Amino acid sequence: MGLSSRIPIRKTLGFGLSNVINLFNPEVIIVGGGMSAAGDRLLNTVRDTVKNHALHLSSGVCPIVQAKLGGQAGMIGAAAYAKDKMPL
């Protein structure tokens, strides 16, 4: 799959995150999992789309960043959650 065929996916993610920002006004959005491997190639288009379509007051103070744990974030989070819920 070429980079140009992924542009609609990046814009769609940007539109979705614009809606999240408009509805919930989060302090930060962290993109993790497999998509985070694309790094700034993905996030630059997402940020531009959010900048153009989300409320400026909210989107201006909500950075969109790549998860530091990358594709392992979900597994690590699930393990931490399970550890917290297990009786010792």
Side-chain angles (χ1 to χ4, degrees):
M1 185 181 296
L3 188 60
S4 63
S5 65
R6 293 188 187 139
I7 290 175
I9 294 169
R10 293 183 276 177
K11 285 193 174 277
T12 302
L13 180 59
F15 288 131
L17 291 180
S18 294
N19 289 326
V20 169
I21 290 170
N22 291 340
L23 288 171
F24 299 109
N25 195 22
E27 291 181 23
V28 64
I29 292 180
I30 302 169
V31 178
M35 293 189 81
S36 67
D40 283 336
R41 291 182 310 185
L42 169 80
L43 295 181
N44 285 339
T45 303
V46 170
R47 289 179 188 122
D48 288 343
T49 304
V50 167
K51 180 181 175 185
N52 292 326
H53 296 283
L55 299 172
H56 294 286
L57 186 61
S58 298
S59 65
V61 295
C62 180
I64 300 172
V65 298
Q66 181 179 2
K68 292 182 180 178
L69 299 175
Q72 303 298 319
M75 288 187 288
I76 293 171
Y81 179 78
K83 180 182 174 198
D84 287 345
K85 295 297 178 184
M86 290 180 62
L88 296 176

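Below, each value reflects all heavy atoms present in this structure, side chains not excepted, and no hydrogens, waters or symmetry copies. Just so it is clear, the structure is predicted and the values come from calculations on it, not from any experiment.
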Residue of the set Asp48, Thr49, Leu42 for which side-chain contact (heavy atoms from CB on, under 4.5 Å) holds with Val46: Leu42
Hey, could you give me the [atom1]/[atom2] distance between [X] and [Y], rounded to the nearest 0.5 Å?
{"X": "Ile64", "Y": "Lys51", "atom1": "CD1", "atom2": "NZ", "result": "12.0 Å"}
{"X": "Asn19", "Y": "Phe24", "atom1": "CG", "atom2": "CZ", "result": "10.0 Å"}
{"X": "Thr45", "Y": "Ile9", "atom1": "OG1", "atom2": "CD1", "result": "11.5 Å"}
{"X": "Arg47", "Y": "Cys62", "atom1": "CZ", "atom2": "SG", "result": "11.0 Å"}
{"X": "Asp40", "Y": "Gln66", "atom1": "CG", "atom2": "CD", "result": "7.0 Å"}

Contact summary for Gly32 and Ala67, nearest pair of heavy atoms: CA-CB, 3.6 Å
If you take all heavy atoms of Arg41 and Arg10, which pair is closest and at what distance? O-NH1, 2.6 Å
Taking atom CG of Leu57 as the centre, does the number of heavy atoms from other residues, nucleotides or ligands within less than 6.0 Å exceed 12? no
Linking I/L/V/M/F/W/Y whenever their side-chain heavy atoms sit closer than 4.5 Å, directly or via other members, would Val50 and Val31 fall into one cluster?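 Hydrophobic grouping puts Val50 with Val31.
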Are Phe15 and Leu13 co-members of a hydrophobic cluster defined by side-chain heavy atoms under 4.5 Å apart? no
